[in-house]
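Okay, structure first, notes after.
As a basis for the values below, the full set of heavy atoms in this structure was taken, side chains included, without hydrogen atoms, waters or symmetry mates.
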Amino acid sequence: MTDRINDIAAREPHRSALRAGEATLDYAGLTAAATGLRDLLRAHGVGPEDVVATVLPRGGNPIIAMLAVWMCGAAYMPVDAKWPEARRRLVIDRSATVVLEESAEAGAHPGMPGEAGLRVRRTAAAPERANDGGATERNLAYVIHTSGSTGTPLAVGVEFGSMHNYARYLLDLLAQPDVHGDGDLRVLLSADLSFDASLRPVLLLAAGAELVVAPDLTEGSWQDHIDCIAAHRVTVLSGVPSWYSGVLSAGFVPADSAVRLAFIGGEAVPNGVVRRLASDRCAVVVQYGPTETTVAATGEGCSTTASSRRRSAKACPARGSACTRTPVSPRRPMVSRPTCTWAGQASPGDTCTIRP
């Protein structure tokens with residue numbers, strides 16, 4: 001992931017990489033900011049198997065922090081700065097070894113232009129490491145907290161190998177001519193980084209995309225997101241059905257925008273939403289999968305173009321919800337049956353994901 005971004009910075013240093021509010025960074029600036037923060041983290045002993053809690057408000061700093069943590073071979077753990085203090089303390093005490101947070105002090109490390117500086121503090125001893133080299137495919141890349149059915153935050157760790165697999169899937173998908181086509185990639189980050197689906201837009205930096213951080217919905221409105229999509233001529237959207245329903249109900253017209261690709265999933269997907277998004281100019285990719293499978297385990301594309309009309313008819317049935325079928329290799333989704341012996345504690349009808 002970071003090697004690809006560094007390669008883009010070397011080839012096209014002035015290519016636009018990150019936009020948050022009025023502030024922007026090109027790929028040279030983004031890699032310089034991430035590398036500088038990487039050096040600060042390393043000075044605090046951060047390396048593979050460290051879990052760095054990023055307690056940062058929405059903006060460009062969390063993206064810089066994520067890349068810097070990965071450059072160290074460590075795992076990032078997003079912690080929403082607006083969470084109740086008790087929840088923040090719980091997840092940090094349980095899972096983090098290092099905390100990266102804002103600081104107004106004069107000596108704070110600079111981050112995104114226009115945003116507060118950064119400071120690092122270690123909360124636990126550095127983990128034992130098998131070697132002094134970089135991260136392997138089996139080292140943790142990130143930790144996401146889900147609430148499950150209890151409301152208590154549960155930590156889910158995902159390894160670099162799994163993240164890289166999903167990134168390759170995204171890059172292969174974008175290489176298909178009927179998915180996005182030629183032209184610049186401008187990707188909207190609409191979700192909070194504490195949701196694993198937010199990883200999808202960030203990974204597209206490896207494809208040379210410009211990542212546009214949408215305004216905070218808790219401080220604004222759906223119209224703010226619509227205006228952001230229009231002002232920056234966003235070509236790729238990624239969100240849950242409820243987010244799409246919100247912007248569509250507020251007046252967003254996909255056919256009048258520059259959007260050419262929309263990722264949707266994480267909840268039951270109403271066909272009405274998919275039909276309003278899909279057009280001759282915009283492909284829709286429906287994805288599903290638990291956090292443990294690295295964002296998604298299955299995906300299906302639908303479009304109204306002639307070349308994919310048959311596939312569209314399957315993905316957008318007349319009634320009910322659009323369904324997904326194609327595995328994100330190398331995983332295989334299975335529906336548990338009463339006779340299953342491999343499904344562990346799964347109940348009949350549960351969807352389980354296994355490696356072939």
Side-chain angles (χ1 to χ4, degrees), residues 1-21 23-38 52 54 56 58-76 78 111-113 115 135 141-142 144 158 160 162-175 179-180 182-214 228-229 232-239 258-263 285 287 294-296:
M1 173 69 186
T2 54
D3 287 344
R4 283 180 175 271
I5 293 174
N6 286 331
D7 289 344
I8 295 170
R11 296 194 311 268
E12 302 177 79
H14 301 302
R15 185 183 184 91
S16 184
L18 178 60
R19 180 182 298 273
T24 62
L25 285 176
D26 57 21
Y27 270 83
L30 177 61
T31 55
T35 300
L37 183 55
R38 176 206 64 188
V52 182
T54 56
L56 301 168
R58 191 172 182 83
N61 273 343
I63 308 304
I64 294 170
M66 189 184 304
L67 298 181
V69 170
W70 285 339
M71 287 178 176
C72 293
Y76 86 90
M112 187 75 178
E115 298 182 19
Y142 64 89
I144 294 284
V158 174
F160 277 101
S162 298
M163 185 181 75
H164 292 160
N165 176 66
Y166 185 66
R168 285 191 293 269
Y169 160 78
L170 290 176
L171 296 179
D172 290 345
L173 184 68
L174 287 172
V179 171
H180 184 277
D182 297 331
D184 292 337
L185 282 167
R186 291 180 291 276
V187 187
L188 188 74
L189 176 60
S190 59
D192 189 278
L193 288 175
S194 59
F195 294 100
D196 63 332
S198 65
L199 188 68
R200 187 185 297 122
V202 176
L203 290 177
L204 291 181
L205 285 168
E210 177 184 14
L211 183 63
V212 180
V213 180
C228 184
I229 294 169
H232 305 303
R233 293 190 57 77
V234 168
T235 65
V236 180
L237 301 178
S238 176
V259 174
R260 302 171 72 178
L261 173 61
F263 289 97
V285 177
Q287 294 189 338
T294 319
V295 184

Could you grab the distance from atom OH of Tyr27 to atom CG of Leu18, nearest 0.5 Å is fine? 9.5 Å
dist Ser16:OG -> Leu185:CG (nearest 0.5 Å) comes out at 12.0 Å
State, to 0.1 Å, how close Asp26 and Ala17 come at their nearest heavy-atom pair, and which atoms those are. C-CB, 3.7 Å
For Leu188, is there any backbone N or O sitting under 3.5 Å from a side-chain donor or acceptor partner on Ser238? no
Starting at CG of Leu189, measure out to CG of Leu199 and round the result to the nearest 0.5 Å. 10.0 Å
Tell me, do Ile64 and Leu25 make a side-chain contact under 4.5 Å, heavy atoms counted? yes
Has the side chain of Arg38 got a donor or acceptor atom that lies under 3.5 Å from a matching backbone atom of Leu67? no
To check you understand the geometry: which heavy-atom pair defines the closest contact between Val285 and Leu261, and what is its length? CG2-CD1, 3.8 Å
Between Arg233 and Asp184, does the side chain to side chain contact (heavy atoms under 4.5 Å, CB included) criterion hold? Intermediate values first, please. CA-CA 10 Å; Arg233 293 190 57 77; Asp184 292 337; over 6 Å; no
Nearest-0.5 Å distance that lies between atom CE in Met66 and atom CE in Met71: 12.5 Å
Taking every heavy atom of Gly208 against every heavy atom of Ile8, the minimum-distance pair comes out as N-CD1, 3.4 Å
Are Pro62 and Thr54 close enough that some pair of their side-chain heavy atoms sits under 4.5 Å apart? no
Pick from Arg19, Arg186, Arg15: which one makes a salt bridge (charged side-chain N to carboxylate O under 4.0 Å, His left out) with Glu210? Arg19
Pairwise side-chain contact, Ser190 with Leu237, heavy-atom cut-off 4.5 Å (strictly under): no
Which heavy atom of Met1 sits nearest to which heavy atom of Val202, and what is that distance? CE-O, 3.2 Å
Give a yes or no on whether the backbone of Phe263 and the side-chain of Gln287 come within a donor-acceptor separation of less than 3.5 Å. no
If I take atom CZ from residue Arg58 and atom CD1 from residue Ile63, how far apart are they, to the nearest 0.5 angstrom? 8.5 Å
Least distance between heavy atoms, Ser194 atom then Ile144 atom: O-CG2, 3.6 Å
Please give me the minimum heavy-atom distance between Val187 and Pro201, naming the atom from each residue. CG1-CB, 3.6 Å
Is the closest side-chain heavy-atom distance between Val295 and Leu203 below 4.5 Å? no
Roughly how far, to the nearest 0.5 Å, is the CG atom of Leu205 from the OG1 atom of Thr31? 11.0 Å
